[in-house]
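Positions are given from 1 along the sequence. Counting starts at 1 for both ligands and their atoms, following the listed order.
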Amino acid sequence: MSEIALLSQVREYLAAQHGSFIHGRYQLPETGGTVAVVNPATAQPIAHVRHADDATIAAAVASSASAFRGAWADTSPYQRGVVLNRLADLMEAHSEELAQLETLCSGKSIHLSRAFEVGQSAVFLRYFAGWATKIRGETITPSFPSTAGERYTAFTRHEPVGVVAGIVPWNFSVMIGIWKIAAALTTGCTVIIKPSESTPLTLLRVAELAIEAGLPPGVLNVVNGDGACAQALIADPGVAKVSFTGSVPTGRSVGQAAMAANLTRVTLELGGKNAAALLRDVDVDLAVAGLVQTGYVHQGQVCAAPERVYVHRSRVDEVLTKVGAALRTITIGSPLDESVQFGPLATAGQFEKMCGFFELARQQGEIVHGGEILDRPGYFVQPTAVLAKRADDRLLHEETFGPLIGFLPYGDEDELPGLINDSALGLAASVWTNDLSRAMRLIPQIEAGTVWVNMHTFLDPAVPFGGMKGSGVGREFGSAFIDDYTELKSVMIRF
Ligand code: NAD
């Protein structure tokens, strides 16, 4: 087991002093504090970033506003698609550099960084690029009666809303950043990205590559900072829309700030406490493989990951035996080691939070596997499975956003809608059965933005994604994003 060698350009990038990227150039804010970026695999600082001050945020918004009206909104849809495709090509050409940077900041396995932060980002960019030439309104014949022989016609136009503020979490910082960048740019908006303070570097480099791809300066700006920086961005009257992905409490405060600023339109992609329901006829091997893969990938730090699993009482022993066996085979270690499957948690805060959940698991449930921290530097814990005792256990209700799945037996499938919907959140759920008819009857009863059958956490650019209830407002992907990034203007003509 050994770590891959870091590219020389990655070492040089880490050594540079970073700040924001505005109007096509790296900028060091004059008064913002300097914050260390910590490698979660070692708990050691690896780079330093100066956070944006008020002047930097104002400069970013002014730059994005001038790039919107002066250039990008008037660019032909075809040209917008061409630039997004070129950015996808450049990200792939710089795949290893971007993947190494992201793994160093987030603790994500190098395989995941290559496949998702770069590979899937390119897929999403190309999907959205295709939409640039296909966004269109409709023609309408008004119902007015003609009083003197005059006629009427009407049509609608989707016009870009303007400057978008994209606020991004640390778990898939590049890919989630790209979702916002691609949706904004394809509709003709300009965008300011505010990465998480834990993972501030890779999106800066992506913004530089976007200039190389032919994006005019100011169309994509990146400002680094914490929650105060994000709030200053939201409060700026030049921002027309906020697209936020992150936790539920922060999302609520973002929604309130956006309303208070200027009734600024806002979409919120928030957390989940995602249920999986294993029916009596479940294919246990398929379900266990699927849940172990999606529940523990990136150390469980995936918004749609299964965190509570309801298993028919007749299958629970078999399921738990196989889950325990699968977890015992997972290799834990440095995310830069290509033979490793499971790395550190992303931040010290995540580590402390998971220690609290492990304590709760010992008190409230029966640990099937895991529940311990690892005696080594960095934020390492074991992948953990717990048999819960009661449906109202906290373990089955609070988002852990970590590598802990709670299992609970049930007796009758009629109980499932009640169990699954007993949550303030409604991001995603999965149903595991060989009986499609039972799955189809259950799906309409489930309060979740996405329901998977015999699979879990599968995000495709063509399939809308977003939460019900406390998991958010709005949908990304498919054609659903168009209404969020454009104003629908009606035009009526008398002739
Ligand atoms: P977080 O809410 O702490 O931070 C998200 C972003 O908001 C960061 O950029 C942060 O700097 C910023 N922020 C922090 N305080 C703020 C404030 N007061 N006002 C405005 N912005 C503020 O979330 P996180 O810990 O980075 O990410 C984990 C959470 O994100 C989990 O709850 C997870 O479920 C959720 N998530 C949801 C999705 C989805 O698509 N639904 C995807 C990924 C992650």
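At least one heavy atom of Pro195 sits less than 4.0 Å from an atom of ligand 1. A heavy-atom separation below 4.0 Å is not found between Phe172 and ligand 1. The shortest heavy-atom distance from Ser253 to ligand 1 is under 4.0 Å. In this structure, Gly472 has no heavy atom closer than 4.0 Å to ligand 1.
Here the protein heavy atom with the shortest distance to atom 7 (O) of ligand 1 is Phe244 CE1, 3.2 Å. At the shortest separation from atom 2 (O) of ligand 1 among protein heavy atoms lies Ser247 OG, 2.7 Å. Shortest contact from atom 44 (C) of ligand 1 to any protein heavy atom: Asn171 OD1, 3.5 Å. Of all protein heavy atoms, the one lying nearest to atom 41 (N) of ligand 1 is Leu270 O, 2.7 Å. Nearest to atom 32 (O) of ligand 1 among the protein's heavy atoms is Glu399 OE1, 2.8 Å. At the shortest separation from atom 39 (C) of ligand 1 among protein heavy atoms lies Cys303 SG, 3.3 Å. With respect to atom 8 (C) of ligand 1, the closest heavy atom belonging to the protein is Val168 O, 3.3 Å. The single protein non-hydrogen atom nearest to atom 28 (C) of ligand 1 is Phe401 CE2, 3.5 Å, given as residue, atom name and distance.
Taking a distance limit of 4.0 Å, we find that atom 4 (O) of ligand 1 is approached by no protein heavy atom.
By the criterion of a heavy-atom distance under 4.0 Å, the side chain of Ile167, and not its backbone, is placed next to ligand 1.
Cation-pi geometry between Lys353 and Phe401 is not met: the NZ or CZ atom fails to fall both under 6.0 Å from the ring centre and inside 45° of the normal. Note that Lys108 lies in the cation-pi zone of Phe172, set by a 6.0 Å cut-off to the ring centre and a 45° limit from the axis.
Counting heavy atoms of neighbouring residues, nucleotides and ligands inside a 6.0 Å radius, atom CG of Asp460 exceeds 12 of them. Counting non-hydrogen atoms of other residues, nucleotides and ligands closer than 6.0 Å to CZ of Phe116 gives a total of 12 or fewer. At most 12 heavy atoms of other shown residues, nucleotides or ligands fall within 6.0 angstrom of atom CZ in Arg252.
Considering both main-chain and side-chain atoms, Trp179 never comes within under 3.5 Å of ligand 1 through any nitrogen or oxygen pair. Residue Gly246 has at least one N or O atom closer than 3.5 Å to an N or O atom of ligand 1. Between Glu197 and ligand 1, at least one N/O pair is under 3.5 Å apart. At least one N/O-N/O distance between Gln231 and ligand 1 falls below 3.5 Å.
Between Tyr127 and Trp131, the ring-plane angle classifies as perpendicular under the 30° and 60° cut-offs. The aromatic rings of Phe465 and Trp179 sit perpendicular, their planes meeting at an angle over 60°, well past the 30° parallel limit. Note on ring orientation: taking the six-membered ring where Trp is involved, the planes of His18 and Tyr13 are tilted (angle from 30° to 60°). Ring orientation note: the planes of Tyr296 and Phe342 are tilted relative to one another, at an angle of 30° to 60°. Between Phe477 and Phe128, the ring planes lie perpendicular to each other; the angle is over 60°, past the 30° to 60° tilted range.
For Gln364 against Asp393, the heavy-atom pair with the smallest separation is OE1-CB, 3.5 Å. Annotation for Ala361 and Leu395: closest pair CA-CD1, 3.7 Å, computed over non-hydrogen atoms.
For ligand 1, the atoms sitting less than 4.0 Å from at least one non-hydrogen atom of Phe465 are 40 (O), numbered in the order shown with element in parentheses. The ligand atoms of ligand 1 that sit less than 4.0 angstrom from a heavy atom of Ser196 are 9 (O). Listed by number with element, the atoms of ligand 1 under 4.0 angstrom from any heavy atom of Ile176 are 42 (C), 43 (C). For ligand 1 and Gly271, the ligand atoms under 4.0 Å from any heavy atom of the residue are 32 (O), 34 (O). Under a 4.0 Å criterion applied to the non-hydrogen atoms of Lys194, ligand 1 contributes the atoms 8 (C), 9 (O), 10 (C), 11 (O).
Closest heavy-atom approach to atom 21 (N) of ligand 1 among the candidates Ala346, Ala305, Ala230, Ala258: Ala230.
Shown are Glu338, Glu102, Gln100; of these, the side-chain hydrogen bond (donor to acceptor under 3.5 Å, both in side chains) with Arg114 is made only by Glu338.
Between Glu92 and Arg126, at least one side-chain N (NZ, or NE/NH1/NH2) sits under 4.0 Å from a carboxylate O, which counts as a salt bridge.
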